[in-house]
Amino acid sequence: MIIPQPRVEMYHEGTYKMKKKVDTIELISLYNIYKNGNEDVEIKIVKTLGVDDYGIDITEDGIKITASGDCGVFRAVSSLRQIMKYKGDNLPFCTIKDSPDFEKRSYLFDISCGRMPTVDTFKRLIDMLADLKYNEFQIYLEGRCFQYDEFAKYTEEFECLNAKDMEELDEYCAQRFIDFIPNQNSFGHLGEWLSLDDFKHLRVGNDEVNTATINPLLDESFDFIDKFCSSLLPHFRSEYMNIGFDEAVGLGKYQLEEICKEKGADNVFMDWLNKLADHVREKYGKKVQFWADMVYDSPDAYKRVPEGAIALNWGYDMIKSSMMERHCYDLWQHNIPFYVCPGNSNWLSTTGRFDVMSFNLRTAGEMGVKYGAKGYMLTDWGCGEGHHHFPVWGFIPMALASIYSWHVGVKQHGGWLKNENIRASWKYVDDFIFDGAQVSEWLYRLQMYYHLEPEKIHSASFACHGLVRTLLDTNVAPFYDLKEVGDVFYFENVLQYMNRCIEGVSKVDFDEHYKRQVLINANMVVLGTKLSIVKYNQTVTKEEAESLKKDIDDIIREYEALWPLENYPEKRDWFPNYILERKKELDILAK
């Protein structure tokens with residue numbers, strides 16, 4: 001009944017009729033009613049319990065909540081809320097004892113690859129995180145998506161999050177026992193900034209090549225990163241900062257080639273990491289988190305991890321998930337505190353890839369428990385395609401990750417796939433997000449279309465490539481050439497499958513806004529698949545081209561209508577600009 005499932009959840013014969021009926025089961029309202037106890041609820045404080053641990057006993061005498069303090073009481077109330085959702089004010093006698101597998105249960109949302117949600121949108125997300133017992137939240141920053149005081153002129157022409165917004169979200173999180181951690185990439189993934197004329201000289205590369213990596217050899221680079229920090233960090237109460245450091249692809253190249261040959265690329269990387277970590281600790285009083293991918297294959301680098309730093313061990317696709325155990329083992333062996341960081345697999349596939357996501361989430365949980373990970377972080381990324389998948393696709397991964405980050409259960413074995421966890425996540429989303437409508441299985445079906453495509457693409461699908469990559473050759477760079485892997489047979493099957501799913505979703509009565517999100521992304525898959533057929537054939541009739549151009553216009557119209565309901569206007573055109581290019585190419589290929 002409760003998600004994430006408690007360690008002990010036993011129900012007994014009999015029910016307790018609540019003396020005081022409540023008018024709402026909104027989590028914060030319930031917590032404020034019950035946090036000090038009342039005629040229905042007794043609070044018992046047991047200091048030996050962990051911060052998040054709690055117990056619930058419902059008997060003929062009422063409801064007894066056991067916890068070590070306010071946080072544990074809050075977790076108990078989130079479970080009690082779910083019981084009340086199903087049972088009203090006649091609560092079943094039960095015994096619940098609970099504690100999490102991971103001390104930190106985190107959620108990261110990327111606002112640098114297109115989608116920039118408003119404060120109100122983030123508050124709705126945080127409410128769901130709190131209900132699912134997450135206790136950490138991060139907003140990923142790499143581009144111009146926050147109004148840095150030190151760089152105010154670079155965002156003065158558009159709206160985005162500002163310091164006041166971050167303070168408001170920080171307080172909102174704190175009220176829900178969630179640590180809001182500032183996040184700023186500080187080595188790689190700075191391409192947008194380093195493309196500006198004022199900062200080109202700081203990048204690893206040259207006038208033509210931007211590796212998106214900042215040159216750590218320059219004093220001005222350090223000052224540049226510190227201006228990010230001084231603009232951002234004072235607005236967060238967290239003791240941590242995520243400084244990024246993943247995929248610094250310029251390491252060992254251009255200005256860094258000689259010094260990396262002399263000292264070793266891993267040492268150049270660790271010098272920069274330690275310099276920033278020391279500075280963040282000494283000036284701002286914060287410890288750092290960093291992505292560990294740049295040191296996975298450098299055992300000596302593990303010996304230089306800054307004191308108190310947390311390594312973030314990420315891996316998203318099937319193969320990367322399988323490699324996670326070796327990385328967990330290395331971090332454990334070197335006594336480095338770390339998180340396991342799976343992803344929701346929604347990027348570059350439009351509706352997501354459900355089986356990859358569920359495998360990734362489960363594997364990360366099991367490996368994290370086995371090797372003593374401090375935390376579990378679910379990531380929600382865009383990936384250069386405008387973050388065009390709408391938030392509705394994140395709900396099931398969020399619920400499923402809450403299960404694996406709270407109580408992983410026994411290790412996967414044989415053919416048993418822990419499908420009860422998948423079904424439980426569907427039930428939670430249907431009951432608490434879609435108000436009882438049966439939507440989750442349709443979301444699952446819409447995420448599995450890519451299995452009908454000619455081949456699997458790492459972290460992507462052919463349909464998405466059809467939308468955001470050129471039609472004028474048959475390459476699906478850097479993966480396959482369509483002429484080598486199949487023909488239109490596969491894409492015709494995708495179209496038939498998707499159209500049946502779209503028809504099914506259309507018949508379900510649920511929140512109109514979420515329904516439009518589902519349908520627009522499903523129709524994008526249809527469009528991307530049709531464009532893949534054009535890409536394969538390298539020709540299209542004029543009539544077909546006109547029909548596809550109309551489909552593109554219809555999608556852009558709906559996309560631009562939905563976007564401002566949850567996001568700032570900036571970067572709304574990122575994805576539409578891609579498919580507008582497809583219109584031009586259709587004119588070239590039309591015969």
Side-chain angles (χ1 to χ4, degrees), residues 3-5 101-102 105-108 128-129 132-134 313-325 328 339-370 373 376-381 383 389 391-434 438-453 456-461 464 501 518 521 525:
I3 299 296
Q5 184 176 7
D101 281 337
F102 293 94
R105 302 167 305 282
S106 184
Y107 189 88
L108 178 149
M128 186 173 175
L129 294 176
L132 290 167
K133 298 184 175 67
Y134 287 80
N313 178 14
W314 65 270
Y316 302 137
D317 225 308
M318 293 286 196
I319 294 174
K320 288 282 190 180
S321 299
S322 300
M323 294 170 62
M324 190 173 287
E325 180 162 17
C328 288
Y339 288 12
V340 286
C341 305
N344 66 15
S345 297
N346 287 338
W347 55 89
L348 280 174
S349 54
T350 305
T351 59
R353 296 171 301 140
F354 190 96
D355 56 333
V356 173
M357 175 273 294
S358 60
F359 176 83
N360 189 209
L361 267 55
R362 173 176 54 77
T363 302
E366 291 178 357
M367 293 303 100
V369 167
K370 181 176 180 179
Y376 181 112
M377 177 190 289
L378 176 64
T379 57
D380 185 345
W381 300 103
C383 193
H389 53 275
V392 68
W393 304 101
F395 295 152
I396 293 175
M398 198 185 305
L400 188 56
S402 81
I403 296 171
Y404 288 126
S405 66
W406 186 267
H407 180 35
V408 173
V410 298
K411 189 177 186 298
Q412 170 71 38
H413 64 279
W416 177 53
L417 298 173
K418 295 189 176 179
N419 287 331
E420 74 280 6
N421 289 342
I422 292 173
R423 300 294 177 180
S425 69
W426 290 6
K427 180 172 175 54
Y428 175 88
V429 171
D430 284 343
D431 289 347
F432 286 86
I433 305 301
F434 298 128
Q438 304 299 297
V439 180
S440 290
E441 187 164 354
W442 286 112
L443 297 180
Y444 164 76
R445 292 175 183 178
L446 286 164
Q447 291 184 306
M448 294 295 278
Y449 76 89
Y450 80 103
H451 281 282
L452 297 173
E453 294 183 330
K456 301 297 184 294
I457 302 178
H458 172 70
S459 286
S461 72
C464 187
C501 289
V518 174
N521 282 138
V525 172

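These values consider heavy atoms only, across backbone and side chains, with no hydrogens, waters or symmetry-generated copies. As the structure is a prediction and not an experimental result, all values here were calculated from the model.
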Hey, could you give me each pair passing salt bridge (Lys or Arg N to Asp or Glu O under 4.0 Å) that has a residue in residues 339-359? Not counting sequence neighbours.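 Of all non-adjacent pairs touching residues 339-359, those that pass salt bridge (Lys or Arg N to Asp or Glu O under 4.0 Å) are D317-R353.
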Show the nearest heavy-atom pair for residues [X] and [Y], with the distance to one decimal.
| X | Y | value |
| --- | --- | --- |
| S461 | S349 | OG-CA, 3.6 Å |
| L361 | P342 | CD1-CB, 3.9 Å |
| L348 | S459 | CB-O, 3.3 Å |
| L446 | C501 | CD2-CB, 3.4 Å |
| P4 | L132 | CD-O, 3.6 Å |
| R105 | S405 | CD-O, 3.4 Å |

Quick check: does any side chain N or O of Y376 sit under 3.5 Å from a backbone N or O of A401, one acting as donor and the other as acceptor?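 No, Y376 side chain to A401 backbone: no donor-acceptor pair under 3.5 Å.
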Is there a donor-acceptor contact under 3.5 Å from the side chain of D101 to the main chain of V408?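 Yes, the answer is positive, given that a donor and an acceptor are paired below the 3.5 Å cut-off.
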Taking side-chain contact (heavy atoms from CB on, under 4.5 Å) as the definition, give me every residue that meets it alongside S440, ordered by chain and number, with sequence neighbours left out.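 Per chain and number, S440 pairs via side-chain contact (heavy atoms from CB on, under 4.5 Å) with I396, W426, V429, D430.
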Looking at N346, T350, D380, N521, which one forms a side-chain hydrogen bond (donor to acceptor under 3.5 Å, both in side chains) with W393?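 Testing each of N346, T350, D380, N521 against W393, the sole residue satisfying side-chain hydrogen bond (donor to acceptor under 3.5 Å, both in side chains) is N521.
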Check: [Y] and [X] side chains under 4.5 Å, non-hydrogen atoms:
| X | Y | value |
| --- | --- | --- |
| L378 | Y404 | no |
| E325 | T363 | no |
| V356 | Y450 | yes |
| W381 | L108 | yes |
| K427 | I3 | no |
| F395 | L443 | no |
| M357 | L400 | yes |
| Y428 | M128 | yes |

In chain order, what residues pass the salt bridge (charged side-chain N to carboxylate O under 4.0 Å, His left out) check against E453, with sequence neighbours excluded?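 Counting only residues at least two positions away or on another chain, E453 forms no salt bridge (charged side-chain N to carboxylate O under 4.0 Å, His left out).
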To the nearest 0.5 Å, how far apart are [atom1] in [X] and [atom2] in [Y]?
| X | Y | atom1 | atom2 | result |
| --- | --- | --- | --- | --- |
| Q447 | S345 | CD | OG | 9.0 Å |
| F102 | M377 | CZ | CE | 12.5 Å |
| C383 | H389 | SG | NE2 | 9.5 Å |

Report the C-alpha distance between Y444 and I422 in whole Å, list the side-chain angles of each, state the deciding distance to 0.1 Å, and finish with yes or no for side chain to side chain contact (heavy atoms under 4.5 Å, CB included). CA-CA 10 Å; Y444 164 76; I422 292 173; 5.9 Å; no
Test T351 against Y449 for side chain to side chain contact (heavy atoms under 4.5 Å, CB included), laying out the working first. CA-CA 9 Å; T351 59; Y449 76 89; 3.3 Å; yes
Working note: L129 + M398, criterion side chain to side chain contact (heavy atoms under 4.5 Å, CB included); need CA distance, chi angles, decisive distance, verdict. CA-CA 8 Å; L129 294 176; M398 198 185 305; 3.5 Å; yes
Over 60° means perpendicular and under 30° means parallel, so tell me whether W347 and Y316 are parallel, tilted or perpendicular.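 Rings of W347 and Y316: perpendicular, as their planes differ by over 60°.
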